[in-house]
Structure formats: C-alpha cells, structure tokens
Amino acid sequence: ALPSLFPGIAPFEAELAWSGIMAFTPDLLPLAGPVPGRPLRQVLAGFSGHGLVLSYCLARDLSSRILGTEPTEVFDRFSPRRFL
C-alpha cells in the first residue's frame, strides 16, 4: 500500500514481519491497577494493540499509586474492578 500512498517512495521489500498475540478485554480498554481480591498484585495489560502511548501513561500512574501518590483521574477508568 505504501507506493500507492507515497508515489515518490523507492521500491522495497519487507525484510521482517511480526505477528503475535494481542491482548483484548471485553470492553477493549486496558487493565491497570490492583487485582480484585489481591491488593498486593498489580496488573497492567490488555492494550488491544494500542499499547505504546497508553502503556507509558498507565505505567507512570501505576507506579505513582504503588509509591503512595495519587495517579491521574484517567487511571481509575482502567481498573480491573469494572468487570466485577
């Protein structure tokens, strides 16, 4: 598709392709925070293929919570408790 989108690009062949498991939750949002019933266990998973930006932000917020400071308001939207 690239040559049709970018006519000036030089022809090329892909040297490497990747495929792998993608983690999805029922609502397609990640999980971040304490595991229900296991308060000392934390989870950061299920980014549904959108992990690059969200994983950085939620990892920052999760580490803030673990260190005893309040994470952003957005963090609570991704709590695993939402599936209880």
Side-chain angles (χ1 to χ4, degrees):
L2 283 178
S4 64
L5 295 171
F6 302 97
I9 197 169
F12 67 92
E13 288 187 32
E15 292 182 17
L16 177 68
W18 178 88
S19 66
I21 296 171
M22 293 180 61
F24 291 90
T25 60
D27 62 2
L28 302 179
L29 296 174
L31 299 170
V35 175
R38 307 290 302 262
L40 297 178
R41 304 276 173 141
Q42 304 289 325
V43 64
L44 195 58
F47 289 95
S48 307
H50 303 289
L52 193 56
V53 173
L54 284 175
S55 64
Y56 168 78
C57 296
L58 291 177
R60 177 198 60 214
D61 285 359
L62 181 59
S63 63
S64 294
R65 178 168 280 181
I66 290 169
L67 293 172
T69 59
E70 282 302 309
T72 64
E73 291 179 24
V74 174
F75 185 77
D76 287 330
R77 295 181 191 170
F78 303 107
S79 170
R81 291 185 313 254
R82 70 185 188 271
F83 293 114
L84 294 179

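Note that the coordinates shown come from a computational prediction; the quantities given were computed from them, not determined experimentally.
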Taking only residues two or more places apart in sequence, or in another chain, which ones meet Arg81 in a salt bridge (Lys or Arg N to Asp or Glu O under 4.0 Å)? none

I'd like to know if Phe12 and Leu5 are part of one continuous hydrophobic network [Ile/Leu/Val/Met/Phe/Trp/Tyr, side-chain heavy atoms within less than 4.5 Å]. yes

Solution key, residues 21-39 side-chain donor-acceptor pairs under 3.5 Å, sequence neighbours excluded:
| from | atom 1 | to | atom 2 | distance (Å) |
| --- | --- | --- | --- | --- |
| Thr25 | OG1 | Asp27 | OD1 | 2.9 |
| Thr25 | OG1 | Leu28 | N | 3.2 |
| Thr25 | OG1 | Leu29 | N | 3.0 |
| Thr25 | OG1 | Leu29 | O | 2.5 |
| Asp27 | OD1 | Leu29 | N | 3.1 |
| Asp27 | OD1 | Arg82 | NH2 | 3.1 |
| Asp27 | OD2 | Arg82 | NE | 2.6 |

Summary of side chain to side chain donor-acceptor pair (under 3.5 Å) pairs that have at least one residue in residues 2-11, sequence neighbours excluded: none

Do the side chain of Thr69 and the main chain of Ser64 share a donor and acceptor less than 3.5 angstrom apart? yes

Partners of Arg60 by side-chain contact (heavy atoms from CB on, under 4.5 Å), sequence neighbours excluded? Tyr56, Cys57, Thr72

By side-chain contact (heavy atoms from CB on, under 4.5 Å) - contacts of Ser63 (at least two apart): none

Would you compute the distance between atom CG of Leu58 and atom CZ of Arg77 and round it to the nearest 0.5 angstrom? 11.0 Å

Tell me whether Phe6 at atom CZ has more than 12 heavy atoms from other residues, nucleotides or ligands lying less than 6.0 Å away. no

Which residues pass the side-chain contact (heavy atoms from CB on, under 4.5 Å) test with Leu62, sequence neighbours left out? Gln42, Leu44, Ile66, Phe75

